[in-house]
Structures are given as C-alpha cells and as structure tokens.
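Below, read A as the first sequence line, B as the second, and so on, with proteins coming before strands; counting in each chain starts at 1.
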There are 2 protein chains.
Amino acid sequence: MATRAAPVPELERDHPCFDCAVRELAVCGVLEPAVLRDFKKSGPIAHYAAGETVVFEADAAANVYSLTGGLLRLSKLLPDGRRQIAGFLFPGDFLGITLEEEHAFTAEAVAPSTLCRFPRRQFDAFVAANPALERRLYAVAAHELAAARQQLVLLGRKTATERVASFMLILAGRCHPIVEDQDISFPMSRADIADYLGLRIETVSREISALKAARVIQLTGRQSFRVADLGRLEQLAEG
Amino acid sequence: MATRAAPVPELERDHPCFDCAVRELAVCGVLEPAVLRDFKKSGPIAHYAAGETVVFEADAAANVYSLTGGLLRLSKLLPDGRRQIAGFLFPGDFLGITLEEEHAFTAEAVAPSTLCRFPRRQFDAFVAANPALERRLYAVAAHELAAARQQLVLLGRKTATERVASFMLILAGRCHPIVEDQDISFPMSRADIADYLGLRIETVSREISALKAARVIQLTGRQSFRVADLGRLEQLAEG
DNA sequence: CGACGGATTGAAGCACCTCAACGGGAGTGG
DNA sequence: CCACTCCCGTTGAGGTGCTTCAATCCGTCG
C-alpha cells in the first residue's frame, strides 16, 4: 500500500541497504545513500514468525518499523473477543504513523516477516532533518487514510458478495497491471479475511465458493486464486 | 477532530485572521503572524449553505480548505445510491489531505459553513516553505487515520446499540471534559447519522429511543441531548 | 494410520432491514 | 388564529441476509 518512490542513486555493495528488496518502495527510498547509511545504523533488522506480535495495542510507541518482507495485520479487539482487522501491511509499508504516545492497533505477523526497527526518537530526529522523508511520510499517511475511508464504505454499505469481490480486487490490484488468469497468492487465513471484511468465516467461505461456481475466479490452492472474469468481478464488487 | 495547537503570538487587529475563532485549532495555528498574513492573502473565505457541495468526489483537487465554522460531511455513493459517510469535519478541521489529483470523497455542508479556500499549488508551496506546517499536516493526517480505523471497528464489528452509543460518545467527546447533563447539540439529520454508522434511519431512531427509555441519555430537542449516565453509555458503546 | 486445525457445507435463528402508517414541528396561506 | 402541507422522525409488523450451530471434508504432521 506504499506509493511509488523516486529512483535513488545506486548503492555501494557494502551498504547495509544494498540488498533490500523494497528500498525504493519504502519510506527510506527518498534518502540519499550517505544519509541512508547513517539512518540504517540506528535500525536493526527484526524477524517475526507467523502469529507473533510486533506491537500490542496500547503499548508505548517506542519504535517505528519498515516492513521489508512478509505480511502484517493491524487489528483491534473488543472486550468480548470480537476482532476487526483495520488493514494489512505489505513489504515496503511503514508501521508507526502516529504522533500519539501509544499504538492504537495491534500489529501481528500473518506470515514470517522481516522489519527494520527504528527508535522513535532517532527516527523523529531524522525526519526533522530530512524534509523529503517528512513529505514522504505525509504521502504515506494520506494514502493510508484514503484506503481506510474506502474500507469504511465496504464495511458500512456493501453486501457479503460485494465485500469478498472487493477483497479479491484489492489483492489483484497489488499486481500491475491487473490481468486475468494470473496466479495471486494471499498468506492470510479465512479468519483474517473475515475479520478484515466484517463477516464470519463461514460467510467468506460461502462467498468464495459462489464466485468460484460462477467462474468469476478460480481457486488454485487454499491461499491462491486467479481472476477468470475481471469485468464481472468489478461489477460484483461495486454493487 | 483537530489536535490542539501550540499558542501563537498575538495578532494585530487589522490582521485578516484576527477574529478567526479557530486560528489556534486549525493548521494555520502553527504559522507566525507575518507568515500567516501572507498565507491568508491567497485564501478567500467561502460560504456554503446547508446541503451545498464543497467538493465532488472525483473532482480535480484544485483547492484545499480550512473549516472555520459550520459542519461538513465526507461521503461516498455506490452506483445504486447507497451512501457511506466517512466522517464529519468540525471547525478547525482541514479538508484536502491527499496528494492525489482528485478528491476521493464528496464534501457537503451539513449546516451553513465557512471555509478558507487555498489554491493547492500555492498551499503546497507554503507547506514546502514552512516545516512546521508540514509537520502539522502530518499530525492531522495521522490523527484522521486513527479515527478512520477506529470507525472500521465500529462498522465491522459493533451492533446497532453499540454503534449509536459510540456515536453519542464521539459527540460528547468533542466537549472537554465529558460531563453528564451537559447539553450537546448535533446539526446532522438521522439520515446522516445512519449513513455514518452503517445503519438505516429507522434503526438509529429505535436505538436512540431505547437509550432514552433506559435513561442513559436525555433528548433535549431533535438535534440535541444530554448524557445522563456516562458509565452506562461507555459500557454500551464497547459491548 | 489417527489426530488436529483450517476450510467447507448445511440447517435454523435472529438482528437489522423493508415497507408502511403515524406523529409533530415549521412554514404558508386564508 | 387555524387549516393545510411538507419534511423529518418515530413506531409497528413482517421479511431476509448474515450469523450461529453443527457436521463433514481435507491437507498436514506426528
């Protein structure tokens, strides 16, 4: 869900970010090599297994993160256990858009994930010293805001069929261009999908089965599919 | 929904922003008087009657706005007429958090409203020249993002009773501190509330009646109420 | 193989929606 | 001042889309 970055100069082979797969995608993409090297010094790499928690809701927001690999979910629990997933973070996405003292959402690894971790204080200093980074962060926040508001429409007004179709489109939309019959894999479980779409897993399952039966999509595995009829899928997603 | 600003030096009486009621609340609050005067020159005041549209979804984002009085709603329509309100803008709030070329949501005046309008190009130049403004915009975006995600929980997982109770708390939360038996007025119609909460008007009406019958709130008019039992209201809102 | 967790499918229930009637305040005109 | 209308909100009765509960399937792993 990160926006595309301006190309940065080539890095030297010994640069700590040399083999980062998402360098240009991530917020760091706007930094000059020298600055980037300096920046990276403050940020060790952290690994999380599937299911592990990166930050707890209401934890002190001591660090910010840049996701370089894997998949995270941002979620919130109600007292009785109901869960809502506010969004997924893909490689290149930034975790820590807040000026509050504590995180508002729990971030957990859906699949094994790799993150660059930066102490917030140092990160804030870096931001203050690098206007380009500040602008980039604003762009990321604005983009996430638009995505969250779009999700409000889905949760507030769409039917189960429309929600699941929209979800498929969101997944497909991560590939550019969106083409039919291209294999798309998603690491999240039916439970995650349900909690993201405000449905129950049984409903998600039924709707996926219906899309498959209608030959709009094709299941190529439990966590992968192909779009068989893009036009129809878009139609279903918008009501 | 705006965050509190640092106090600014006193303005001269002839300053165009001298009698702005939300100066310190709005994004302009971080600007020095001289800069502010310069800034304001680029921004004429616009008035909108209740029901009028400030920006249409998919319109070119040629301007940004600062709301100085009234109330706006941000909404999106599905092809068949279903509507979702993504949020309300109160005085001091900023309209135009996006780097896209077009607006993603329609903004309409719920009540007669007054806005400062700035051409986006000039505004962007101002932002680039004023790091404090840039930081402030980021803070606003981060805050709106948190609010939108909180709303996702409401729309995805809360019952009708919980939604309406939460809405009452949001309204009450705009007064600091939240005290019982203080009159709170809201200019939006039941239809607006319903489209904000992802419910139908009838359901909103029934739930409000139920809260009233349970003596949790007290209706003091069609568009005003008092919190009679804050603890109970909070309990109902959280499930 | 048997056990386990995740996914699917079926049948019944319920929360909210839909449709419909009614109520009440604001504005208008006699 | 009242009669009328209009709009918004409220209330009631019946319908439905998603949930709930339950059984089964299937791939994985010991």
For [X], enumerate each residue passing the side chain to side chain contact (heavy atoms under 4.5 Å, CB included) test, keeping only those at least two apart in sequence or located in another chain.
X         : result
Ala194(B) : Val204(B)
Asn63(A)  : Tyr65(A), Arg117(A), Pro119(A)
Leu99(B)  : Tyr138(A), Ala139(A)

Could you give the [atom1]-to-[atom2] distance, from [X] to [N], as a whole number of Å?
X         : N       : atom1 : atom2 : result
Asp195(A) : dG6(C)  : CG    : C1'   : 14 Å
Leu197(B) : dC16(C) : CG    : P     : 12 Å
Arg200(B) : dG15(D) : CZ    : P     : 19 Å
Asp192(A) : dA7(C)  : CG    : C1'   : 14 Å
Ile193(A) : dA7(C)  : CD1   : C1'   : 11 Å
Arg82(B)  : dG17(D) : CZ    : P     : 12 Å
Ile201(A) : dG6(C)  : CD1   : C1'   : 8 Å
Arg190(A) : dG5(C)  : CZ    : C1'   : 14 Å

**Request:** Would you mind building the protein contact string for nucleotides 24-30 of chain D? One character per nucleotide, 5' to 3', B for base within reach (heavy atoms under 4.0 Å), S for sugar-phosphate only, - for untouched.
**Result:** -------
**Message:** Any base atoms under 4.0 Å from Gly221(B), or only sugar-phosphate, or nothing? Heavy atoms, all strands.
**Reply:**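 Nothing: the residue Gly221(B), judged by heavy atoms under 4.0 Å, touches no strand.
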**Prompt:** Heavy atoms under 4.0 Å, any strand shown: does Leu199(B) hit a base, just sugar-phosphate, or nothing?
**Reply:**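 The residue Leu199(B) makes sugar-phosphate contact but no base contact.
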**Message:** Out of the candidates Leu230(B), Val227(B), Val164(B), only one should pair with Leu169(B) under the side chain to side chain contact (heavy atoms under 4.5 Å, CB included) rule; please name it.
**Reply:**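 Going through the options one by one, the only one that passes is Leu230(B).
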**For Leu219(A) against Lys212(A), the heavy-atom pair lying closest together** =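 Where Leu219(A) meets Lys212(A) most closely, the heavy atoms are CD1-CD, 3.7 Å.
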**Prompt:** Do the rings of Phe88(B) and Phe167(B) sit parallel, tilted or perpendicular, given the 30° and 60° boundaries?
**Reply:**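 Plane angle between 30° and 60°, so tilted.
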**Phe56(B), CZ atom: more than 12 neighbouring heavy atoms under 6.0 Å** =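 Open.
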**Request:** Using heavy atoms and a sub-4.0 Å distance, could you list which residues of residues 202-213 of chain A are near DNA chain C? By number, please.
**Result:**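 Heavy-atom cutoff 4.0 Å gives Glu202(A), Ser205(A), Arg206(A), Ser209(A).
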**Interface with DNA chain D, restricted to residues 153-161 of chain A and to heavy atoms under 4.0 Å** =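 Those residues whose heavy atoms fall under 4.0 Å from DNA chain D, taken from residues 153-161 of chain A in numerical order, are Thr159(A), Ala160(A).
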**Prompt:** Is the shortest heavy-atom distance from the side chain of Leu67(B) to the side chain of Ser113(B) under 4.5 Å?
**Reply:**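 In short, these two side chains touch, coming nearer than 4.5 Å.
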**Item:** Beyond-backbone contact of Leu137(B) with Phe123(B), side-chain heavy atoms, under 4.5 angstrom
**Value:**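 The answer is yes; the side chains approach within 4.5 Å.
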**Polar side-chain atom of Lys76(A) near backbone of Gln150(B) as donor-acceptor pair, under 3.5 Å** =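 Between the backbone of Gln150(B) and the side chain of Lys76(A) there is no qualifying donor-acceptor contact (under 3.5 Å).
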**Request:** Ignoring hydrogens and angles, state whether a donor on the side chain of Thr161(A) or Glu207(A) is under 3.5 Å from an acceptor on the partner side chain.
**Result:**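 Short answer, yes.
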**Request:** With DNA chain C as reference, determine whether Arg163(B) or Ser189(A) sits nearer its 5' end, using the nearest nucleotide of each.
**Result:**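 Checking each residue's closest nucleotide, the 5'-ward one belongs to Ser189(A).
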